[in-house]
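Positions are given from 1, in the same order as the sequence printed here. Reckoned from all heavy atoms, side chains included, excluding hydrogens, waters and symmetry mates.
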Amino acid sequence: MLKKFLIAILAAIFFTVPVYANQIWQPEIRLGILRGVNQVELQLNAPCVMIDAVTRKILKNFAANEIFSVDFDTLKNNSVEIRGENTLLKDLIVTIDGKKYFGGVRIDKKNNSLTVINIAPVEEYLRGVVPEEMSPSFHLEALKAQAVAARSFTLKNRQRHQAEGFDLCTTTHCQYFGGVDSAHKITDEVIKSTRGEILLMGGQIVDTNFHTDSGGMTESVAEVWGGYSPHLQAVEELEKNTQHWTKEFSTADFSRIIGDLGKLEKINLSPLEIGKSAPDRSTSGRVKVAQFVGSKKTLQLTGNELRSKFSLPSTLFDIKISHDKIIFEGYGRGHGVGMSQNGANAYANHGWNYEKILLHYYRGTNLKKLY
């Protein structure tokens, strides 16, 4: 039953294979590269065709390595795609304004300008993601876990930027994508060895958020972004008090950033103890809310607000007043939800395989090969 259900999902959601191409199937992903431009310069490494994205009618042919431009004023069609004439999408490389990407390209006329979109097979897209999100020097089992997490995140979050005409952006808002230049032999191998593998719960692909370092315990998604996801709960790490950091601010700079409280007299925040909750701290010990008592007024800010205002590495911190300074001292880097990349590497170095790592961070999920 599960196999039939997955096939139905794939047919409904991921069927994007062009009728004129005979490909070994895998999902395609559309990545927003440029927006608001009037012209783009392109080059593909194989003979290619420009087609109308709606009618699929061939509009123009281009030779291999031919450099050509697409202009807003001269483009007659509202949306075109440029794909290989007889070359599989996975074997194409497109150069967009001097930077190389895997796959082909789509160009939409939108808001009186061009939106340039890279069309890439998921596995090739991951070649430009995994080595950007995790160092190729990490243990192979940690890298495999990263590949599966990145693939699951990709397929779960398709159409995150639907209103803008593509699936995902290329920044950390989605996943950082560096294109062809980011690809690395080691990460290429782990992507290939885990091809098509994703995490499921109840037959559905799950969101697989990840971050650099938890500091000693990950965080429940409810504490960071709200909502409930049974697979994104706080879990303990092999190592605690990792990625120690401090940030100092003069009382003048602190007051300028936080707002004029007058003289800061007191900070009300329970002491940090990783894995110990309090009314103002989450289960993992992250700051939920801190109170600042000044001579003029009292202000409460959440941990996320403080992290944003002061560009803090995480919300796992203490705050203290020291003479004319305000000192933040904490652990970890990132939002803390899902897999800790440094934590995954630590577990891999202690003999865990990638499936065990994934099931530790994403509780109650199942590892399945989707294609």
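- Distance check: N118 CG to L31 CG gives 5.0 Å after rounding to the nearest 0.5 Å.
- Remark: the Q243 side chain and the D213 side chain contain no N/O donor-acceptor pair separated by less than 3.5 Å.
- A salt bridge links D253 to R256: at least one charged side-chain nitrogen sits closer than 4.0 Å to a carboxylate oxygen.
- Between E28 and R83 there is a salt bridge, since at least one side-chain N of the basic residue sits less than 4.0 Å from a carboxylate O of the acidic one.
- Surrounding NZ of K247 are more than 12 heavy atoms belonging to other residues, nucleotides or ligands, all under 6.0 Å away.
- Contact detail for G336 and R286: the closest heavy-atom pair is CA-NH2, 3.7 Å.
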Test side-chain contact (heavy atoms from CB on, under 4.5 Å) on R160 and C174; report intermediate values, then the result. CA-CA 8 Å; R160 175 178 267 202; C174 295; 3.5 Å; yes

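- Looking at D108 and R106, a side-chain N of the basic residue comes within less than 4.0 Å of a carboxylate O on the acidic one, giving a salt bridge.
- Comment: K90 does not engage E124 in a salt bridge, judged by the lack of any side-chain N to carboxylate O separation of less than 4.0 angstrom.
- Between F210 and Y362, a ring centre-to-centre spacing not shorter than 6.0 Å is recorded.
- Looking at D207 and N157, their side chains do bring a donor and an acceptor atom within 3.5 Å of each other.
- Side-chain atoms of T251 and D324 form no donor-acceptor pair, as typed in the model, at a separation below 3.5 Å.
- Between Y125 and F102, a ring centre-to-centre spacing not shorter than 6.0 Å is recorded.
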Name every donor-acceptor pair, under 3.5 Å, that has one atom in a side chain of residues 66-74 and the other anywhere in the protein, sequence neighbours excluded.
residue: E66; atom: OE1; partner: A63; partner atom: N; Å: 2.8
residue: D71; atom: OD1; partner: Q39; partner atom: NE2; Å: 2.4

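- A donor and an acceptor atom, one from each side chain of E123 and Y371, are located under 3.5 Å apart.
- Atom CG of L168 and atom CG of L155 lie 9.5 Å apart (nearest 0.5 Å).
- F166 is linked by a ring pair (Phe, Tyr, Trp, His ring centres under 6.0 Å) to H161, counting only residues two or more places apart in sequence or in another chain.
- There is no side-chain donor-acceptor pair under 3.5 Å between Q175 and E133.
- Using modelled atom types and a 3.5 Å distance limit, the side chains of S182 and E132 yield a donor-acceptor pair.
- Under the 4.0 Å criterion applied to side-chain N and carboxylate O atoms, E81 and R30 are assigned as salt-bridge partners.
- The closest side-chain donor-acceptor pair between Q233 and R363, if any, does not fall under 3.5 angstrom.
- Taking 4.0 Å as the cut-off between side-chain N and carboxylate O, D181 and K100 do not count as a salt-bridged pair.
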Verdict with reasoning, V105 to L42, per side-chain contact (heavy atoms from CB on, under 4.5 Å): CA-CA 9 Å; V105 66; L42 302 170; 4.1 Å; yes

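- If you check the side chains of H211 and E219, you find no donor sitting under 3.5 Å from an acceptor.
- Classification of K60 and D52 as a salt-bridged pair fails, no side-chain N sitting under 4.0 Å from a carboxylate O.
- Shown here for H350 and L238, the closest heavy-atom pair between the two residues is ND1-CD2, 3.2 Å.
- Ion pairing of K192 with E189 is absent here, as no side-chain N (NZ or NE/NH1/NH2) approaches a carboxylate O to less than 4.0 Å.
- Remark: side-chain polar atoms of S229 are not paired, donor with acceptor, to backbone N or O of H231 under 3.5 angstrom.
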